[in-house]
Colleague: 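Structure below; questions to follow.
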Amino acid sequence: MRKEYKKIKYLSFERYLAQQMKNKAFRRAYEEESQRLEIAYKILQLRKRQKLSQKELARKLDTTQSVVARMESGQQNFTTDTLQKIASALKRNLEVKFAR
């Protein structure tokens, strides 16, 4: 007696994402999260280039190491004041632009 199996068709992540991006609310949330993660990654890169530990950067920002860790992992919403403090601590200029 031979068992018959149904063939399961899986979507690739790329195809799934393309389908989800058709939804305006999903697309907007995805883009906002992408921007937050991009900022977090840039902070991480700058800190590492300057050979600063999270604790050292936290001292410059007058905060704790755990706050810096949250910033770098994208779990922190940034105000322009916070971004300006980070830019100053890392000896950078902050640029904000609205683009299409």
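Counting begins at 1 with the first residue of the sequence.
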Colleague: Checking Thr82 side chain against Phe78 main chain: does a donor-acceptor pair fall under 3.5 Å?
Modeller: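 Absent.
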
Colleague: Considering all heavy atoms of both residues, which atom of Ala40 and which atom of Gly74 are nearest to each other, and what is their separation?
Modeller: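 The pair with the smallest heavy-atom distance is CB-N, 3.6 Å.
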
Colleague: Are the side chains of Glu56 and Lys60 in touch, meaning some heavy atoms are under 4.5 Å apart?
Modeller: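 No - every pair of side-chain heavy atoms lies 4.5 Å or more apart.
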
Colleague: Looking at CD of Gln75 and CG of Leu37, how far apart are the two atoms once the value is rounded to the nearest 0.5 Å?
Modeller: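 Here the rounded value is 9.5 Å.
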
Colleague: Please list, chain by chain and in numerical order, all residues satisfying side-chain contact (heavy atoms from CB on, under 4.5 Å) with Ser66, sequence neighbours excluded.
Modeller: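 By the side-chain contact (heavy atoms from CB on, under 4.5 Å) rule, Ser66 matches Thr64, Arg70.
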
Colleague: For the pair Glu33 and Arg36, find out whether any cationic side-chain nitrogen is under 4.0 Å from an anionic carboxylate oxygen.
Modeller: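 Yes.
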
Colleague: Step by step, would you call Leu52 with Leu90 a side-chain contact (heavy atoms from CB on, under 4.5 Å)?
Modeller: CA-CA 9 Å; Leu52 291 172; Leu90 296 171; 3.9 Å; yes

Colleague: How long is the span from the NZ atom in Lys91 to the CG atom in Leu46, to the nearest 0.5 Å?
Modeller: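 Answer rounded to 0.5 Å: 12.0 Å.
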
Colleague: Please report the C-alpha distance between Arg49 and Gln45 in whole Å, then the side-chain angles of each, then the deciding distance to 0.1 Å, and finally whether the side-chain contact (heavy atoms from CB on, under 4.5 Å) criterion is met.
Modeller: CA-CA 6 Å; Arg49 266 192 229 133; Gln45 286 179 315; 4.2 Å; yes

Colleague: Do Met71 and Ile86 touch side chain to side chain, with heavy atoms closer than 4.5 Å?
Modeller: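 Yes, their side chains come closer than 4.5 Å.
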
Colleague: Only counting residues at least two apart or in another chain, list the ones meeting side-chain contact (heavy atoms from CB on, under 4.5 Å) with Ala18.
Modeller: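 In terms of side-chain contact (heavy atoms from CB on, under 4.5 Å), with neighbours along the sequence ignored, Ala18 is linked to no residue.
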
Colleague: When rounded to the nearest 0.5 angstrom, what is the spacing between CE in Met21 and CG in Leu17?
Modeller: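 Nearest 0.5 Å value for the CE-CG distance: 5.5 Å.
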
Colleague: Test of understanding: clusters of I, L, V, M, F, W, Y form through side-chain heavy atoms closer than 4.5 Å, transitively. Do Leu44 and Val68 belong to the same one?
Modeller: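 As far as the 4.5 Å side-chain criterion goes, Val68 and Leu44 are not connected within one cluster.
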
Colleague: Quick check against the 3.5 Å criterion: does Gln20 have a side-chain atom that pairs as donor or acceptor with the backbone of Phe26?
Modeller: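 Looks like no, no N/O pair under 3.5 Å.
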
Colleague: Could you give the distance from CZ (Arg92) to CG (Leu94), rounded to the nearest 0.5 Å?
Modeller: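 Rounded to the nearest 0.5 Å, the CZ-CG separation comes out at 12.5 Å.
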
Colleague: Any side-chain heavy atom of Leu83 sitting closer than 4.5 Å to one from Ile39?
Modeller: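 The answer is yes, as the side chains (C-beta and beyond) meet within the 4.5 Å cut-off.
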
Colleague: Provide the closest heavy-atom pair for Ala58 versus Gln65 in the form atom of the first, atom of the second, distance.
Modeller: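 Scanning both residues, the minimum pair turns out to be CB-N, 3.6 Å.
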
Colleague: I'd like to know if the side chain of Gln50 reaches the main chain of Arg47, judged simply by a donor and an acceptor atom lying under 3.5 Å from each other, with no hydrogens or angles considered.
Modeller: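 Looks like no, no N/O pair under 3.5 Å.
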
